[in-house]
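Sharing a structure here in structure tokens format.
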Amino acid sequence: MPELYTPQEIEPKWQQRWEADGLHRSLVDPERPKFYALTMLPYPSGDIHIGHWYAMAPSDVRARFKRMQGYNVLFPMGFDAFGLPAENAAIQRGIHPKEWTLNNIERERQQLRTMGAMIDWEREAISCLPGYYRWSEWFFRKFYDMGLAYRKQAPVDYCPSCKTTLAREQVVGEERICERCGSPVIKKDLEQWFWKITNYADELLDFSKIDWPERIRLLQTNWIGRSEGAEVVFVVAPEDLSADAAPGTGDLVVFTTRPDTLWGATFMVLAPEHPLVNVITKPEFHEIVHAYQFQAARQSEIERLSTEKEKTGVFTGAYAINPVNGARIPIWVADYVMMGYGTGAIMAVPAHDDRDFAFAIKFGLSIIPVIERPDLKAKSLVWPDSVPDDFAAKLDEAGIAYTAGAVGNVGEGLYVTLQGEAEIGRYVELISAALRPGNWSEVVGTGWYFIFQDEVRQLDSVASDAEILARCKELYPPVSDNRTVMEMITHCGFYEDVLFHAEHGTMINSEGFTGTPGEEAVSAVTAWLDQRGVGEAAVNYRLRDWLVSRQRYWGAPIPIVYCPVCGTVPVPYEELPVLLPDDVDFMPTGESPLRYHEGFLNTTCPQCGGPAIRETDTMDTFVCSSWYQYAYLSPYYREGEPVNGDAMPWDPAEQAYWAPVDTYTGGAEHAVLHLLYTRFFTKALRDAGILDFDEPMRQLRNQGVILGEPRSGDCVDVRGSWEGSAFRATAITVYSFQDRDTWPEPVREEGRVCGEVLDRDEVSLKVRTSESGALTVVLVNEDMPVEIPGKEVQGTVGDILYHLDVEKMSKSKKNVVSPDVLVAQHGADALRAYLMFGWRWEQGGPWDSRSIEGVTRWLNRIWTLLTESSQNTEPVDAVSDRELRRTMHYVIKSVTEDLEGFSFNTAIARLMELTNALSKAKAATWGSELWDEAVTTLLLLLAPVVPHMAEELWSRLGKPYSIHQQAWPAWDEAMLVEDTVEVPVQVNGKVRARITIAAGADEGAIRSAALEDPNVQRYVEGKQIVKVIVPRGQLVSIVVK
RNA sequence: GGGGAAGUGUCGGAACAGGCAGACGAGCAUGACUUAGGAUCAUGUGCCGCGAGGCGUGCGGGUUCAAGUCCCGCCUUCCCCACCA
């Protein structure tokens, strides 16, 4: 009886052996090239789940692969151990966060060990231990000395559920919810510590030194949000400032990306929180402005749920002077301007910004175009009876396009569409001549002409706006309600698409700059502003400084002391770490429990020795994970030893050898959190003289997410008839998926189909018509009525629930897949292989509990293939030998390239192919030299994937321990060449024959062989051969006529 | 509203550089061995058609001897950002 494959026995056995032999220790070895493979460290929430395996197992495979390729590989692991869940557990269950965390770590470490990964556990680092967080504090102190850490009072995001402030990056989505718990965040005005990540904004935009996914680079780029433009100084009109105001008080600095539109700035808008609002608001406007500010503040606290973003705002009564033309423009307050972006104040150019346009229309502010439309499009509506009847004929004559149509219920008008200066000019001439008394006409979009009987005006200034409007009102009193010309013409739907544009183009109505082409406009105006001292080129970023203060206990203390005499004093390097006291009360107060711990709070000032209090906020946990890749180099470096500010935070020799990380793997969800922070950290440490490189991780690859297994849909019992392979429904009965036990048996027969609905679209249902999964397509109409037993109401096909959501795994949804259970069932090796095989790694997808069986079967096949002897029933055959050898080399090559390129699924597919080839060849080659070579190759290629099984079979074949210390097989290109190749022959693009020909035959030989083929002859006969193409000898393409 | 990614059998997914679409696996079907089979082995399996043959990579065009792949226009889904000045 052959021995069965029992991973449950084999796996622990080898894990112990490897550990006893220190096989996974990674020591500095200058003789060998290093490879630092890092996978994101887990947060010890209590359970290692399938997502961890999905991230780590293929990463381990790749690390092992690199080791077999001759690299000295470091593959460490640790725990991101500070954080809220531990503290919440303390509050809810009375367990100390440290105990909760360390217990979880112990459990997770055991779980991780079952993976059989080549983790060097000697280098484990846990961020909540003093030996670790001493250095987190040390970095804070270092950044403080470098001027990168500062404290300021600012409106910050606060999560009322986590009871702490959050960094901007930790607030997600339109609903502005907390990244950890999903609660909506609120704004609070607090004094907090920030790190100047913005100092590195430009450098963080440079990805030229790293191989990171496009997606992450893009997310970071967008997050940093660099925009170039200018800062322009507007001054508050002197009469609107109190006489005793200090010089400069009235300066209103705005940031704009479009200084070329300055002449069109017809008003200004300040954010409600802008400090100058209270200074400039005229007394008679105080009440209304204050009410608006209050309401705006409240609104940001409640939640800005209103998706309908109707503009609101109030006038301050004050005016500013537009520096380019001295125009007096009103200053408004509106919440569409954010205090947090730019300067919190804008110049509004309603003609070329949709928000400003909407605001100006709503509040009756002037809109003056100052940039020509690049397409030079214009429109004009010829009002009924405003011109003689022959006007249309004149337009025809002039080649001007128009359509006649009703204008409201007034009569028939002409809708004229114009393009280009010349045509517009011709039109203006025509209409001027034709216009009847008491009428006017306008050209909208380009030119902006207002044609009256006696003159043609252009909408080119605030003054002309008023004058044109006045004339129009005179001619046609119904327009009297309008406050601006633009408001008047918005009532005409025909003009809708030419009223405003935001494109770059030639400047108009801009005094000396009129005529400046769009490409030069921004830079020309910026230079001019600079020269006149009213503005300068400026870069603005969306990125804001990293708020690192957290009002929680379970984090690294911020090493700062507040002394009534000396002020803010950092704790001396030598006194670090500031230890977290164990005996604190965990009460959800909204303030750090440390604040109520007298022993912690009260201290002496390091500077004057007098009584002082400690900072009680702790650091964001992302601080600790920003440098963990270096912590692994020499965990808890110099613990217990006091160190000064010039110390190295890790062993310089280890750093010199291992750093930086060569390959980093993990989830993409940290694109603008951890992955941005750690880059910042590395750059800051470089500037501190600690690191000598710019980027922490050379190569980054993100795995996808494993989602829950799709759940069942409703069951349908369908009557109808077959139409080919599909079934046309005439009557449908639906059974809810909730009443599974009452479902009828799946059926697929003449006239009836029954089963669960897996998918649905407008015209069909996909019904599972057998237990095992056979699918039938049922053709339906979406509004077709269905019977629902026990329900009075009739539903329709559109109501049928199908397959149900593919969702993230979560305990509450009861769709989690436990790796522990799978390891017990199939073994770690099978799970590792399946996680590689089941999905494109970088994409992920829903779990499929059935197809892991396929991988298990494969491993069993390998097992019997190598453990059972063979009778050698088939004769030795040189051709098939060669074929096996060829497959072997092809598989070596493919697997090597696939593992290198993170294409894990195809690597497994190729290994399966080699297995299949061996199965086929076994009866003839078993026991031969070739057999041994092929089996050895298979095992070596398998070693990174299924390390335990490979080691077991390796030792059973009597090969020297350990397989993991063997060299990766090499392939021979010469072996990849086949003796004969099958060449497809296409006639007019369709494959009509395949010819077998000696490999390497020249083009002429292939061509004539193809033309001689009888099948080809059939298609070529009687036709004229136009062309024969033989690209790279791969195929023959014949074109006939 | 802006930006990005992706649409291939029943399913997960292959396809180098424009060159035989569907590798590998799941599922399904048939058969073998079995007391039995959710084990194992073998064979088949894109769709339509009895057949010759035709049709097929979200839809519509185009380039080419040849298009999943390149170009133009659309549709759908997912993700990110969002009154960003």
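The figures here come from the full heavy-atom set of this structure, side chains too, leaving out hydrogens, waters and symmetry mates. We name chains A, B, ... by the order of the sequence lines, and we start the count at 1 in each one. This structure is a prediction, so every number in the text was calculated from the model and none was measured.
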inquiry  = So Arg258(A) and Val349(A), do their side chains get closer than 4.5 Å, heavy atoms only?
reply    =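 No; the side chains remain at least 4.5 Å from each other.
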query = Would Ser851(A) and Asp848(A) count as having a side-chain donor-acceptor pair, cut-off 3.5 Å?
reply =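 There is such a pair between these side chains.
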task = For Glu169(A) and rC81(B), give me the distance from atom CD to atom C1', rounded to whole Å.
result = 13 Å
request  = Test the Lys311(A)-Tyr336(A) pair against the cation-pi criterion, namely NZ or CZ under 6.0 angstrom from the six-membered ring centroid and within 45° of the ring axis.
outcome  = yes
task = Measure from the side chain of Asn222(A), starting at C-beta and using heavy atoms only, and say which of rA85(B), rG3(B), rC41(B) lies closest.
result =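 Nearest to the side-chain atoms of Asn222(A), counting from C-beta on, is rG3(B).
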ask   = For Leu543(A) and rA82(B), what is the distance between atoms CG and P respectively, to the nearest whole Å?
value = 13 Å
message = Taking Val370(A)'s backbone N and O only, do any of them form a donor-acceptor pair with His352(A)'s side chain (distance below 3.5 Å, no angle check)?
response = yes
ask   = Does Gln220(A) use its side chain to pair, donor to acceptor, with the backbone of Ala671(A) at less than 3.5 Å?
value =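 Checked: pair present.
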request  = Looking at every strand, decide which applies to Asn916(A) at a 4.0 Å heavy-atom threshold: base, sugar-phosphate, or nothing.
outcome  = sugar-phosphate
message = Could you tell me how far apart Leu938(A) (CG) and rC24(B) (C1') are, to the nearest whole angstrom?
response =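 Rounding to the nearest Å, CG of Leu938(A) and C1' of rC24(B) are 15 Å apart.
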query = Below 4.0 angstrom from OP1 or OP2 of rC11(B), is there any side-chain N or O of Arg850(A)?
reply =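 Arg850(A) to rC11(B) OP1/OP2: no side-chain N or O under 4.0 Å.
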inquiry  = Quick check on rA39(B): is either OP1 or OP2 less than 4.0 Å from any side-chain nitrogen or oxygen of Asn860(A)?
reply    = no
RNA chain B: 5'-proximal contact among Val337(A) and Asn988(A) (nearest heavy atom) = Asn988(A)
inquiry  = Would the base of rA85(B) count as contacting Arg258(A) through its side chain, where contact means a donor and an acceptor less than 3.5 Å apart?
reply    = no
message = Within the 4.0 Å heavy-atom criterion, would you say Glu913(A) contacts the bases, only the backbone, or no part of the nucleic acid?
response =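 Sugar-phosphate, backbone atoms only, no base.
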request  = Have a look at Gly901(A) and say if it touches a base, only the backbone sugar-phosphate, or nothing, with a 4.0 Å heavy-atom cut-off.
outcome  =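 Since no nucleic acid heavy atom lies under 4.0 Å of Gly901(A), the category is nothing.
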request  = Please check if any side-chain donor atom of Ser227(A) sits under 3.5 Å from a side-chain acceptor atom of Asn540(A), or the reverse.
outcome  =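 No - no donor-acceptor pair under 3.5 Å links their side chains.
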query = Reckon Leu219(A) touches a base, only the sugar-phosphate, or nothing at all at heavy-atom distances under 4.0 Å?
reply =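 Answer is sugar-phosphate: Leu219(A) comes under 4.0 Å of backbone atoms only.
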ask   = Can you tell me if the side-chain N/O atoms of Gln843(A) get under 4.0 Å from OP1 or OP2 in rG13(B)?
value =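 For rG13(B), OP1/OP2 do have a side-chain N/O of Gln843(A) under 4.0 Å.
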request  = Could you tell me whether the phosphate oxygens of rG4(B), OP1 or OP2, come under 4.0 Å of any side-chain nitrogen or oxygen in Arg217(A)?
outcome  =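 So the side chain of Arg217(A) is outside the cut-off, no N or O lying under 4.0 Å from OP1 or OP2 of rG4(B).
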key: Minimum-distance nucleotide (side-chain atoms of Arg857(A) versus rC55(B), rC84(B), rG27(B))   =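 That would be rG27(B).
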key: Rounded distance in Å - CH2 (Trp841(A)) to P (rG13(B))   =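 Nearest whole value for this atom pair: 15 Å.
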ask   = Phe267(A) CZ to rA85(B) C1': how many Å, rounded?
value = 12 Å
query = Touch check for Gly225(A), heavy atoms < 4.0 angstrom, all strands: base, sugar-phosphate only, or nothing?
reply = nothing
inquiry  = Regarding Arg992(A), tell me which of base, sugar-phosphate or nothing describes its non-hydrogen contacts under 4.0 Å with the strands shown.
reply    =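 Touches sugar-phosphate only.
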task = Give the rounded distance in Å between these two atoms: CD of Glu897(A) and P of rA14(B).
result = 16 Å
query = Can you tell me if the side-chain N/O atoms of Arg840(A) get under 4.0 Å from OP1 or OP2 in rG25(B)?
reply = no
ask   = Which is true for Lys920(A) with a 4.0 Å heavy-atom rule: it touches a base, it touches only sugar-phosphate, or it touches nothing?
value =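 Here Lys920(A) touches no strand at all.
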query = To the nearest angstrom, how far is Arg542(A) atom CZ from rG3(B) atom C1'?
reply = 12 Å
